[in-house]
Structures are given as C-alpha cells and as structure tokens.
Amino acid sequence: MVNREDIILFLDKYKEQENKYIRYPTDISQAGLASEFNCVRSNVCKMVHDLEAKGFIKTLQKHVIGRTRKISIYLLTVKGREYAKLLRE
C-alpha cells in the first residue's frame with residue numbers, strides 16, 4: 001500500500017519539471033501515481049488532497065503527454081521538497 005511519504009519521494013524526482021515542459025509526463029498525474037504504486041486512483045486522490053492541505057504539494061492543470069485536454073498534475077512545494085530531503089537523510 002502506498003503512503004504519503006512514498007508519494008513525496010516519487011514527486012521529488014520531478015522537482016525541476018515546473019515551467020520546463022509544454023507537456024508534462026503522465027507519471028505525475030493521478031492515473032500515473034496510481035499506476036506507479038499499483039493502487040486504485042481513489043487512494044491516490046485521498047492522499048493527494050491530504051498532502052495538498054498540509055502544503056506539501058500543489059495541483060496544477062497542465063497538458064500531459066498523450067492527452068488532448070489539460071489534467072491535474074502534482075508537484076512538490078518548497079515545503080514538500082524540504083520534507084523529501086529530510087526523508088532521504
């Protein structure tokens with residue numbers, strides 16, 4: 001089962017993604033996270049909302065590779081990157 005720390009550490013790999021791409025990788029969408037952690041999207045949704053409420057991640061509506069419409073992607077905030085750094089130590 002996926003936990004919040006796993007999501008933070010996974011998203012930390014994409015800390016340089018914001019404003020770098022016209023189309024973002026699907027890995028940082030809800031479906032991408034569910035696929036990465038082999039769980040249902042509803043579990044990811046609950047954790048993402050909790051992490052966003054705590055200020056660790058932000059949700060952006062962006063174009064994603066393989067999709068024609070914008071969808072929600074998730075990136076770490078400064079607070080989230082600091083927490084990821086603590087988790088890695």
Side-chain angles (χ1 to χ4, degrees):
M1 174 130 183
V2 64
N3 62 43
R4 288 161 185 80
E5 288 78 15
D6 291 335
I7 291 175
I8 288 173
L9 290 171
F10 179 76
L11 291 177
D12 192 46
K13 297 181 214 173
Y14 297 93
K15 62 184 167 218
E16 304 300 326
Q17 298 293 325
E18 192 169 5
N19 300 322
K20 185 176 180 181
Y21 293 107
I22 295 171
R23 293 194 179 271
Y24 288 78
T26 57
D27 297 353
I28 55 178
S29 69
Q30 191 178 89
L33 290 171
S35 176
E36 174 68 25
F37 295 110
N38 197 27
C39 65
V40 293
R41 288 173 58 175
S42 60
N43 287 347
V44 171
C45 182
K46 290 174 191 174
M47 289 187 201
V48 162
H49 286 297
D50 182 52
L51 289 169
E52 188 170 25
K54 292 178 179 177
F56 291 116
I57 65 171
K58 58 186 168 184
T59 303
L60 304 169
Q61 295 293 315
K62 296 289 184 179
H63 289 286
V64 173
I65 298 167
R67 299 286 196 105
T68 56
R69 296 182 182 180
K70 289 181 179 180
I71 64 169
S72 295
I73 62 160
Y74 308 104
L75 294 172
L76 292 178
T77 61
V78 172
K79 182 178 176 181
R81 288 193 298 268
E82 290 170 357
Y83 186 57
K85 185 177 177 181
L86 286 173
L87 291 172
R88 289 189 193 284
E89 292 177 353

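As a basis for the values below, the full set of heavy atoms in this structure was taken, side chains included, without hydrogen atoms, waters or symmetry mates.
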Check: Taking only residues two or more places apart in sequence, or in another chain, which ones meet Asp50 in a salt bridge (charged side-chain N to carboxylate O under 4.0 Å, His left out)?
Finding: Arg4, Lys54

Check: Same cluster or not: are Ile28 and Ile65 linked, directly or through other Ile, Leu, Val, Met, Phe, Trp or Tyr residues, by side-chain heavy atoms under 4.5 angstrom apart?
Finding: no

Item checked: Partners passing ring-ring contact (aromatic ring centres under 6.0 Å, His included) against Phe10 (at least two apart in sequence or in another chain) -> Tyr14, Phe37

Next item on the list: Only counting residues at least two apart or in another chain, list the ones meeting side chain to side chain contact (heavy atoms under 4.5 Å, CB included) with Glu82.
Entry: Val78

Margin query: Show every ring-ring contact (aromatic ring centres under 6.0 Å, His included) that has at least one partner inside residues 57-80, sequence neighbours left out.
Written below: none

Next item on the list: Return each pair, listed once, that meets salt bridge (charged side-chain N to carboxylate O under 4.0 Å, His left out) where at least one residue sits in residues 64-73; pairs must be two or more places apart or across chains.
Entry: none

Check: Say you draw a straight line from NZ of Lys62 to CD1 of Ile71; how long is it, rounded to the nearest 0.5 Å?
Finding: 13.0 Å

Check: What pairs meet the side chain to side chain donor-acceptor pair (under 3.5 Å) rule with one or both residues in residues 28-49, with sequence neighbours excluded?
Finding: Gln30-Arg41

Check: Can you name the nearest heavy-atom pair linking Arg23 to Val64, along with the distance?
Finding: NH1-O, 3.6 Å

Item checked: Contacts of Arg88 that satisfy side chain to side chain contact (heavy atoms under 4.5 Å, CB included) - sequence neighbours left out -> Leu9, Asp12

Next item on the list: Mind checking side chain to side chain contact (heavy atoms under 4.5 Å, CB included) for Lys79 and listing every partner two or more places apart, or none if nothing turns up?
Entry: Phe56, Thr77

Next item on the list: Return the minimal non-hydrogen interatomic distance between Leu76 and Ile8, and the atom names on each side.
Entry: CD1-O, 3.6 Å

Check: Once you round to the nearest 0.5 Å, how far does CG of Leu33 lie from OG1 of Thr26?
Finding: 10.0 Å

Margin query: So, taking the atom named CD1 in Ile57 and the one named CD1 in Ile73, what distance separates them when rounded to the nearest 0.5 Å?
Written below: 11.0 Å

